[in-house]
Every structure is written in C-alpha cells, then in structure tokens.
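This report concerns only the one structure given below.
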Amino acid sequence: MYREYKGLNLPQIDQEILEFWEANQIFDKSVEQRSENNRFVFYEGPPSANGKPGIHHVMARTVKDLFCRYQSMKGKRVERKGGWDTHGLPIELNVEKELGITKEDIGKTISVEEYNERCRETVMRYKDMWDDITRKMGYWVDLQNPYITFENSYIETIWWLLRQLYDKGLLYKGYTIQPYSPAAGTGLSSHELNLPGAYRDITDTSAVAQFKLKGAVDEYFLAWTTTPWTLPSNTALAVGKDITYLKVRTYNRYTGKLISVILAKDRLQAYFTEPNPELKPEDVKAGNKPIPYLDIVEEVKGAALEGMEYEQLMPYVQPDKPAFRVLLGDFVSTEDGTGIVHIAPTFGADDFKVARENGIPPLTIQDSLGNPMPLVDKQGRFVKEVTDFAGRYVKDYGQEEERPVDVDIVIKLKEEDKLFLSEKYVHSYPHCWRTDKPVLYYPLDSWFIRAMAVKERMFELNQTINWKPRSTGEGRFGKWLENLQDWNLSRSRYWGTPLPIWRSESQQEEICIGSEEELRREIEKANEALGLNQSVPKDLHRPYIDDVVLVSASGQPMKRETDLIDVWFDSGAMPYAQWHYPFENEKVFENNFPADFIAEGVDQTRGWFYTLHAIAAMVFDSVAFKNVVSNGLVLDAEGNKMSKSKGNVLDPFETIENYSADVTRWYMMSNANPWDNLKFDLKGMEEVQRKFFGTLYNTYSFFALYANIDQFFNKAPQVPLSERPEIDRWVISLLNSLVKEVDADYADYEPTQAARKVQNFVNDNLSNWYVRLCRRRFWKPSEQQNGSKAAMDKDKLAAYQTLYECLITVSKLMAPTAPFFADWLYRNLNNATGMENHESVHLADFPTASDAVIDKALEQRMDYAQRISSLVLSLRKKEKIRVRQPLHKILLPILDNHFQEQVEGVKELVLSEVNVKDIEYVTDTSGILKKRIKPNFKTLGRRLGKDMKDASAAIAALGQEDISRIEKTKQFLLEVNGNSYELTLEDFEITAEDIPGWQVASDESITVALDITLDAALEAEGMARDIVNRIQNIRKDKDFEVTDKIRVALQRDDAIVPAVERYGDYIKAETLTADLQMVETVDGEEIELPGEVKVRISVEKQ
RNA sequence: AGUCUCGUAGCUCAGCUGGUUAGAGCGCUACACUGAUAAUGUAGAGGCCGGCGGUUCAAGUCCGCCCGAGACUACCA
C-alpha cells in the first residue's frame, strides 16, 4: 500500500527521514557504495565552533550539500571530511571577554599556558549546536573524523608547508608599515581596526609646508599633511604624472616674503582667490582664508617635475643615501591638499612603497643593537636626535603638555619661513580598540610569503578554475591576483600556529623546522652543544614551543621568532593538513587533491579561496580546486544585512522547525542564484511550502488514493509508450527533457535553474495539466461497479504507470536540493512497488534521459492545446457561458498545414478540457479571415539598414489582398526611398487577426472563435452535468466514500426532464448511482440549477 | 578611494547572441470551478526596464558617465 496522510507536515517528514537515515546509515552507504576509483573530491571549509551557526550558514551548506549529493547520485564517491577552524583572534577575544582581562594581562595575571588552555576549551563551545544544525538541515558531512586545526598533526603539516616555502626562498623577514598601538605596544591587524568604534573623528593640526627647490631662489613645493610630526622624517615628495601643476607668485602670509609656490592646478582655488598684479604683502595676512596672488608664471605636468630636488625641510637626521627628490605616485589625487604628497617612508605604507621603488631611503637612526629605527620610538615619542622635540609624544597618549607637538612643529616651521598655511583639520582616524589611543602607522618586522614572486603562475592557474559566478573569479579574484602583495604571515598573539623559525641573537643564523622529527634532532643537537635537557613539547603551541632553544651551525643558541602565523594559513593548508600529509596518508592525499568542488561565501574570496590557491600554487604548482561556488549574503526581508545589533537575525533552528529544512533549502536555491544576495522573506518560504511542496504532496496523495483503490503496484508490464495516449507521451517527453536539463544544470553548478525547472514541471505541467486532465482516467466509475481489480484497463494502467514514473523521477531530481521530502516521496512510492532495490533515494542513480521519448513536436502540440484551451475559456468567460454547458464548435483559423496537423493530434484533449464538441478549421481559402502582417525584423533589419523604418510603415499599410498575394506568390517587391528589395515569405510574419462576425480571442500567434449557439440537446447535456455536480457535492458533504453506491430521487421539473431522460445513464455513471428516480415530491434538500431552477433531491447510500 | 555584484509590476524574480504589444509567480480585485480542496481556472488593475548621454535602421539587452544598495580591499597625504 502507498501511505496516505491527513495533511502535509514537512517538519515531521524531516524528523521521520532523519531517523531513518541515521538508523540505516544512509550517508555512509551513499559514500561506500561508490567506487574508490571514481571520486568527486570536496573540501569542507572549516567553520569556527566559537560562534553560533546562523541562517547564512544554512545557505552556504545547502550549496555544498546539494552538489555532493548530486555527484553521489551520478555514481561518484564523495567523501566529505568535516573540520573545525580553531585558531584566531575572535577566540582570543572571547576568552579575554569572559575572563575580563586584556592582552596586557597575559603573562602577568594569567600565564600563557592557562590562557591557551582557555582558548582550547572555548574553541568547541558551540560544537553541539553546530552538529545539531548540520543534522537538522540535512547537511551530510563526516563529523566523526574531522580535522582540527589546533592538533599537533595539523600544525606539523603546516610546518612542513612553511619549510617548503622557506626552501624555495619564498619566506622572508622584512619591514612593513603596519598599524601599531604605542599605548599597547603591539601591532594591530586590519580586523582590529575595523572593530566598531575604532575609527573616530579627531581634530589635528594640519600643515602646508614649503619645500625649497634646490638651486632656485624662494621657489617652493607645497605639500599638505595632517601629521606634522612625520615631517622630520620626510625624504621625498610625490606628484601625479598627469596632474597639471602651476607655479604661482604670491607673498607668504606669515613673513610677507615674495615667494613662488608649486601646487596642482585643480587645487588653486583651495588656497588662492584671484590674481592681482598690484598685490602688496599686507594684502595676504588674512588668517587661514585663501589669499590673492600676483600671477601664474608656469604650468607643467607632474611628469616634468619628476626628479627635481629640494632642500631637506627639518634636517635633524641625514639619510644614508641621496634623497629629497620629487617622485611620481599613482596614488596622488587632487581631492585634498595641494596635489603634492609629503613622503615619510617610515610612517606610511604608500610612502614606504613608492620610496623603495625609487631608491629613496627612509630616515632612520641606529638603536642600541645597531639596528635601524625610525625617528619615533615604540612608545610613540621622538628620539633624542630630533633635538627640539626629543622625548615628546607624537599623538595624544595621555601626556600632560602645553600644546601638542604638532603645533610646536608648525610654530617652528613658521619661524623658519617654511610654513605656507596651518589649519585645524577634522578627520576620521583609527584608534586602538583596547587602549582607545590613536594608532600609528609604524615600521614593524614581519615574516612574509613572497606571493608576488608567483603572481603570474597563480593568475594562470586561476584561469583554469571554473568560478560561479564567473565574475568573481575574473573580477574580484583575478584583479586581486594582479595586484597581489606579499603575504604578511606574522601575528603577535598567543593562540595559533607558531612560526617554526629559530634565530640567533645576531639575527645572522636561522633555521626553519619542517617536522617534529627534525625538531627532535635539532633539540638533541642543542642539548648536546649547550648542555641542556630539553625534549619536544607535547603541545606545539606557545608557551612550550617558546622554551625550546636550538643551536646554530656556529654554536650560537637560537630562539624562536615569537610570531604566530596568520590563521588563514591554517585553513589554506587544509588539503594537506587534514590528512597529516606527507607524514601519513600519502595515497589518500594524492587521491584527494585537488578538490573538484568547494563552496563558501564571497567574503572568502580573499580569505579561504585565496589561501588555498596560494599554497597550492606555491608548494605544488597546482590549483587547489577546480570548481568553486561563492554564495552571496543572506539579508533580511528589507535587504539589510543581518546583524545582532539590528536584531534582525533569523534563528536557523526556529526556521527549520517551523518550515522544515527542505522548504528552507528549496527557497534559498530557487529564489535567487546563490551568488546573488538573498533577501530572506518568510512570505517566500510560505509560498514555496504551499505552491511547490503542497502541490507535489497533493499530486502524490491523489495518486496514492486511487492507486490503493485499484491495487496498482506497478507489477504489470509497462504499456509501450506508443500505445499510451498522447498526453502520457507528452508528459513523459517533458519529463525526459526535464531530466536532461536538470542534469546539465546541476553539472554546471546552477542550482537555481535546476530548482526552478523542477518546480515549473511539477506545478504547471504535472499537476495543473496532466493530473487535472487525466483525473477521469484514474476514476472510471462505470468499470468499478462490479469490483475494483478487474477494472484495470490499458488506458488506466498507462495513466498510473505514467504518473508513477513522473513522481519517482521528480523525487530523484529534487533529491539533492530537498533531500528529506524527496526521500519521503521516493520511499512512499518505492516501498509500495518494490521496483528499485534502494532503501533511499540518495542511494539511487540520478535519472538518465531517453532521447527516444523526447518529442519536441508533441511538446509543441500540447503547448498549442494549452493555449487554445486558455483562449476558449476566456471566450466563455466573456460570453458568460459556464464550462459545464457543452458547445458545438471552436473555429480555428489555419495558416499552414503543419499547424492543423499538430492541433489534430491534441483535438480530443482540447475538446474535453473546454467542453466543446468539435473544432472547425477555417482555412485561408475561405476568404473570411482577416490577417495582420508585420515585417520580420531579424531577416530584414540587416539587409535594409536605414530603410527599415520606412519599410516597416509600408508593410504595415498592406491590405488584405496584398497579404494573400504575398502568401500565394511567396514573394514581394518592396520599394522604399528609391531602393527596391526582393522579399520572400520569410521576411514577413503573418497572423490571423479576426474572423469577422465572430467573437475571437488571440494570443501572439493563435486566434480562436467560439460558436455559442445552443440547441435542446446541448442544453440538456449541460443540465445533466450540473445535476452530476450537485450530486457529487452532496456525496462529499455527506462524507460518502468515493466507492459508495447511491440512490437518488429528483423532484420532477420541466427544466430537468430532458436532461434526465437523455442523459440518465451518464448521470448514474458519473455519480455511482444505482437507482435514479424522478418523482413528484422528494423529501430532501433543495438544489439550485441553471436558469434559477430549484428542485428537491434526496441522495442515500444504497 | 579601488574592485566586484545588484537595480525590470506593490513583493520575489525571468527576459537567449540587440529585432518592435516587456513576461511569470505571489499579493490585490472580480468572476468561475469543485471527489487533488490548506487546491484550481479566467479576467482586470499595476512598468519613464534607477538616471543621463552614446553606438545602431532598431537598446531592458551593447558602451560611457552618474545615482542608489551591498560586499571585499585600503594608512588617502
């Protein structure tokens, strides 16, 4: 028996199927039944169990799950090893918040050991919740043997990878300018700068300084800065190559001296008002306002300024190489300032870069160890070499002083006639989130991966990757690769993978450790050489690893560089580290590299996607993945990003409990492409639930109800397709077309296309057309009167077989996206028939389409049938003739024989659908058709070109005779603007527009007319149908079983006599009436029939 | 600031390589239908296809600029 249900309860189906999967290990079987030699490799991007799962995780994981399930059904072995991302700043922050400590406390109030122990505990805080959502949403991933990034084996693989990079010369220590908090004494990551509240508006003293040209008299470059404290460190100026610069003569507003200044033409009006050849020094004294000038003496492009030299502005320290030149910088703009940028390589990333590219040195002094250091120390104070300001803080670090040092610098410049202008300036400036004090951009030592060296190769490899959507790969990711910078690996933190590099104090000797074994050997060596008693720490994290001292070739002790590495390296290393390659599982790794498929949010483009790609390219000269889907964000119904502060986050557990996992998954996939942002709207969820799952459920229920009655369990041989009715062949043809398309969509990572096509098929074709039109075939009362089983004739059998095939195929097509309902449907069907020996749809093969049964002509035919029916129904509606009233005929204009043949094939369907007796074809030759002619723009456009417009008007003006002549001769000589063109029938679109004297309806290419005259026979039949309808309603009201036989007594009335006399048998057959009487008085309810006829009727069970 | 995505009916989305009445579903209104009924059919209202400019005989579709939403990247001096 097919299971029957009282109503659709999707969350309950989730539950039931989930229990079934677990009890029978369906996931394991789905993997293990497939050959190891036919793999589809998937990498799971590890989530961090340190935060709770959100609805966007359901999105990302639906994408991952569905392609894995699909490939699994296509016969691939798809192992899905889960994983956990366990390192990183968010975890540290969490711990600190819980303990109420800051980073300064580490090593003081809490030991590194304890601190890391807390991190390790915290990391898996929400693991249970993650496992739960994974299970409930139907995400199949192996949670039994996940990789965990904090395990020693994982770290060892990372060390091995770093060693590979080291040996290739791709790992180096260097300087960069990084955000640095002097108050906290630590560098900050860009993540920390992006914390809320980090950027705040502050007021600084800005200065436009005058840099004196070498070899000229009182000529100056003007450069603007909001950080005057960087001026002593200036070593260059930057201009834009294509920016136009002016040399302007004026007076200095502070000293009244005649000067010539150079600045960008676009910035002139920011500093000057108008020219005045009569200008006097006293005219320019007005405060900070723009001043007049004498004249403009020169205009040049920035390129012409390149290489010009100027005198050092604040000569406290001398550079060790030639400096103080004008450089070209592409970052120079004319939106602020003077269009000339002051360059202090020690305090700006752009500055650092452009200076290095041009061989300009930074201004540095030597620290106590003889290493170069900038003119500001790590506490944020000027060094003693900057005599005037020695020891003063460059920003507000809570010191007490009369004026900020910036102001004193400005005063000094003013006194020295080097200041053009100084103003207060309000701008947004980053602050350290822990100390609340301003951040400095400061040169810091860091370890880098020389990613730029493999830039081209990464770019090439990227071109072999199939990105979904393409634009992310070519645009966002491709552009990112083009502008690739070296990868800053260093993080000065505690909970993460330690950098396995040890250095001697002189910094001259170093070693990069690539395995635990190597570490052991080196430790033994060191123990011997230095007389120590160390061993390999049980835990490779800090602080234990920091205690290890190694020995250099020259016998010097070496200490570990205290940096940890960027956690992104952890996740990018997962293809290797998840298997502890190369220390174990060499074969396994080789079989699972690179991945066929990965998926993650677009925000991972520069995260996981990049680090996977970079490591694979650098270490293995390979891609890490062949196909990648990057999904967009999940927004709320208004299109706002979901965030805790807005309170618009959706609890995924609640959503799944209320609507089911399948509705959630289906909604997410069908509503928008996964790479577009999804506006998550519960109304849309309800629509999916009702329209798609509701309809499919109804279709199944309908099938189950009658199949059970008829004992149809698909045991009889299949009726050959050629012997099935047109509509069966049609739906099977569509079904096979569908299989083909959906298969291609899934293979092409287009889940939205696939879902929408399945949905359209189920709603429009299967339910609203096939089942609706075929209802009678499942329910043939006349043949059921003498018992049920005998009633199975070939037509009915064909109907059952056809519907069964559609349903079971749909269950497979939808299985990747809606795994629960699909399995429910599949098992309900297959458990009753036992046709396939799979216990679950997820163990079945994806359907294959048979081209032999795809009949495009038939599909077109049925399309005609649907359109003709729709037009006839709209005519009925317009004429207010109910559908139960039969009519004589439809008039159908025929423009070509092929159309008539096609319609002939579906004639019976149309007639029964619209309740009309016949179709009469009105051919061209009858002369009563009125036609419309339009040019075929596609064929004519190219030929006619500019004449097209006039031709279009000329063709529209053609009369009926012209049209029929064109149809007969199949040619036409068109003359426009003195040009003549030979046109053929192809160059026109001719449609029947009207049948004069008839009511017509038409869509794009089909026109129909309806004969609405009635005669006695038709009226009687119409009445009979209405009587059937009323009796059926009563049966239903009285809750009779569909198989119950009844006795009916009708009150005699002239209006119904012809109907009962002529169509009594029909009425009886339709309503399972054994005995139908017309009597004078009836003790029963009153029914109303057309023509305001009211009669009494009694309906009783026999 | 740069890079990328998106902008079509009240809402969610289709609109293929440019081709002439711009579509669907939901919602709304009205009318039908009724042994699939938490369904279904038909009709109606509802569109400066974000704006401006360009290419073209022809632009929702191609190009440029701008506006709006979002993401990522970024020390704008």
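Proteins come first, then strands; the chains are lettered A, B, ... in the order of their sequence lines, and each starts at number 1. Values reported hereafter were calculated over all heavy atoms of this structure, with side chains retained and with hydrogens, waters and symmetry mates removed.
In this structure, CZ of A:Phe477 is placed 23 Å from P of B:rG2, rounded to the nearest angstrom. Atom OH of A:Tyr981 and atom P of B:rC57 are 12 Å apart (whole Å). Taking atom CD1 of residue A:Ile990 and atom P of nucleotide B:rU20, one finds them 17 Å apart after rounding to whole Å. In this structure, CG of A:Asn673 is placed 9 Å from P of B:rG15, rounded to the nearest angstrom. Between the CG atom of A:Leu222 and the C1' atom of B:rA77 there is a distance of 14 Å, rounded to whole Å. Atoms CE (A:Met668) and P (B:rC13) sit 13 Å apart, rounded to a whole Å. A straight line from CG of A:Asn765 to P of B:rG25 spans 13 Å, rounded to a whole angstrom. Between the P atom of B:rA14 and the CD atom of A:Glu750 lies a distance of 11 Å, rounded to the nearest Å.
Base-pair partner of B:rC76: not found among the strands shown (Watson-Crick or G-U wobble, both distances under 3.5 Å). With a 3.5 Å ceiling on both atom-pair distances, the Watson-Crick or G-U wobble partner of B:rU29 is B:rA43. Across the strands present, B:rU17 finds no partner; the criterion is a Watson-Crick or G-U wobble pair with both atom distances under 3.5 angstrom. In a base pair of the Watson-Crick type (N1 to N3 plus N6-O4 or O6-N4) or a G-U wobble (N1-O2 and O6-N3), with each distance short of 3.5 Å, B:rU61 is matched with no nucleotide. Pair check for B:rU37 finds none; no Watson-Crick or G-U wobble contact set falls under 3.5 Å. Across every strand in view, B:rA71 sits in a pair with B:rU3 that passes the Watson-Crick or G-U test at under 3.5 angstrom. Remark: B:rC48 base-pairs with no nucleotide; criterion is Watson-Crick or G-U wobble with both hydrogen-bond distances under 3.5 Å. Across all strands shown, B:rA24 pairs with B:rU12; the Watson-Crick or G-U wobble distances both stay below 3.5 Å.
Out of B:rC33, B:rA36, B:rG19, the shortest distance to the side chain of A:Arg882 is found at B:rC33. In this structure, the nucleotide among B:rA77, B:rG41, B:rU5 sitting nearest to the side chain of A:Asp676 is B:rU5. The side chain of A:Phe937 approaches B:rG19 more closely than any other nucleotide in the set B:rG19, B:rU5, B:rA36. In this structure, of B:rA77, B:rA39, B:rA36, it is B:rA39 that holds the atom nearest to the side chain of A:Arg690. The side chain of A:Met948 lies closest to B:rG19 when the candidates are B:rA14, B:rG19, B:rA58. Candidate nucleotides B:rC13, B:rG41, B:rG25 were compared by shortest atom distance to the side chain of A:Asn768, and B:rG41 ranks first. Among the nucleotides B:rG19, B:rA36, B:rG41, the one closest to any side-chain atom of A:Phe702 is B:rA36. Nearest nucleotide to the A:Lys938 side chain, out of B:rG19, B:rA36, B:rU42: B:rG19. Among the nucleotides B:rG25, B:rU42, B:rA77, the one closest to any side-chain atom of A:Ser870 is B:rU42.
When heavy atoms are screened at a 4.0 angstrom cut-off, A:Leu944 is found touching no nucleic acid atom at all. Within 4.0 Å (heavy atoms only), A:Arg932 reaches at least one base atom of the nucleic acid. Among the protein residues, A:Asp351 comes within range of the nucleic acid bases, having at least one heavy atom under 4.0 Å from a base atom. A:Gly337 comes within contact range of no nucleotide atom at all, as no heavy-atom separation falls under 4.0 Å. Here A:Asn1029 lies in heavy-atom contact (under 4.0 Å) with sugar-phosphate atoms only. At a threshold of 4.0 angstrom between heavy atoms, the contacts of A:Tyr706 are confined to the sugar-phosphate backbone, with no base atom among them. Within 4.0 Å (heavy atoms only), A:Val771 reaches at least one base atom of the nucleic acid. Heavy atoms of A:Gly684 sit nowhere under 4.0 angstrom from any nucleic acid atom. Contacts of A:Arg756 with the nucleic acid, taken as non-hydrogen atoms under 4.0 Å apart, involve only primed sugar atoms and P, OP1 or OP2. Using a 4.0 Å heavy-atom criterion, one finds that A:Thr226 contacts the sugar-phosphate atoms exclusively.
Comparing A:Val341 and A:Ser670 against RNA chain B, the residue whose closest nucleotide sits nearer the 5' end is A:Ser670. For the pair A:Asn936 and A:Trp769, nearest-nucleotide mapping onto RNA chain B gives the more 5' position to A:Asn936.
Taking atom P on both B:rA59 and B:rG19, the two are 11 Å apart, rounded to the nearest angstrom. Nucleotides B:rU29 and B:rC16, compared at atom P, are 34 Å apart to the nearest Å. Taking atom P in both B:rG15 and B:rA32, the straight-line distance is 38 Å, to the nearest Å. Taking the C1' atoms as reference points, B:rG27 lies 11 Å from B:rU12, given to the whole Å. Comparing the same atom, C1', in B:rA24 and in B:rG50 gives a spacing of 22 Å after rounding to whole Å. Comparing B:rG10 with B:rG51, their P atoms sit 14 Å apart, to the nearest whole Å. B:rG60 and B:rC49: their P atoms are spaced 8 Å apart (whole Å). For the P atoms, the distance from B:rC11 to B:rG18 is 30 Å, rounded to whole Å.
The distance between the ring centers of A:Phe778 and A:Tyr706 does not fall below 6.0 angstrom.
Considering only heavy atoms from C-beta on, A:Pro674 comes within 4.5 Å of A:Met59 through its side chain. Residues A:Thr611 and A:Trp608 form a side-chain contact, since some pair of their non-hydrogen atoms from C-beta on lies under 4.5 Å apart. At least one side-chain heavy atom of A:Ile933 sits under 4.5 Å from a side-chain heavy atom of A:Ile955. A heavy-atom distance below 4.5 Å is found between the side chains of A:Pro935 and A:Met948.
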(request) Run the numbers on A:Tyr610 and A:Trp568 for ring pair (Phe, Tyr, Trp, His ring centres under 6.0 Å), then give the verdict. (result) CA-CA 9 Å; A:Tyr610 170 65; A:Trp568 283 115; 9.9 Å; no
(message) Would A:Phe609 and A:Phe477 count as a ring pair (Phe, Tyr, Trp, His ring centres under 6.0 Å) here? Give the steps.
(response) CA-CA 9 Å; A:Phe609 295 157; A:Phe477 194 68; 7.4 Å; no
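Evaluation of atom-type donor-acceptor distances gives a pair under 3.5 Å for the side chain of A:Ser767 against the base of B:rA36.
Ring orientation note: the planes of A:Phe347 and A:Tyr442 are tilted relative to one another, at an angle of 30° to 60°.
The side chain of A:Lys691 contributes an N or O atom lying less than 4.0 Å from OP1 or OP2 of B:rU40. An OP1 or OP2 oxygen of B:rG19 is reached within less than 4.0 angstrom by no side-chain nitrogen or oxygen of A:Lys934. Residue A:Lys946 places at least one side-chain N or O under 4.0 Å from the OP1 or OP2 atom of B:rC57.
Residue A:Glu750 forms a salt bridge (Lys or Arg N to Asp or Glu O under 4.0 Å) with just one option from A:Lys757, A:Lys468, A:Arg756, and that option is A:Lys468.
Residues A:Tyr441 and A:Asp351 bring no donor and acceptor atom of their side chains to less than 3.5 Å of each other.
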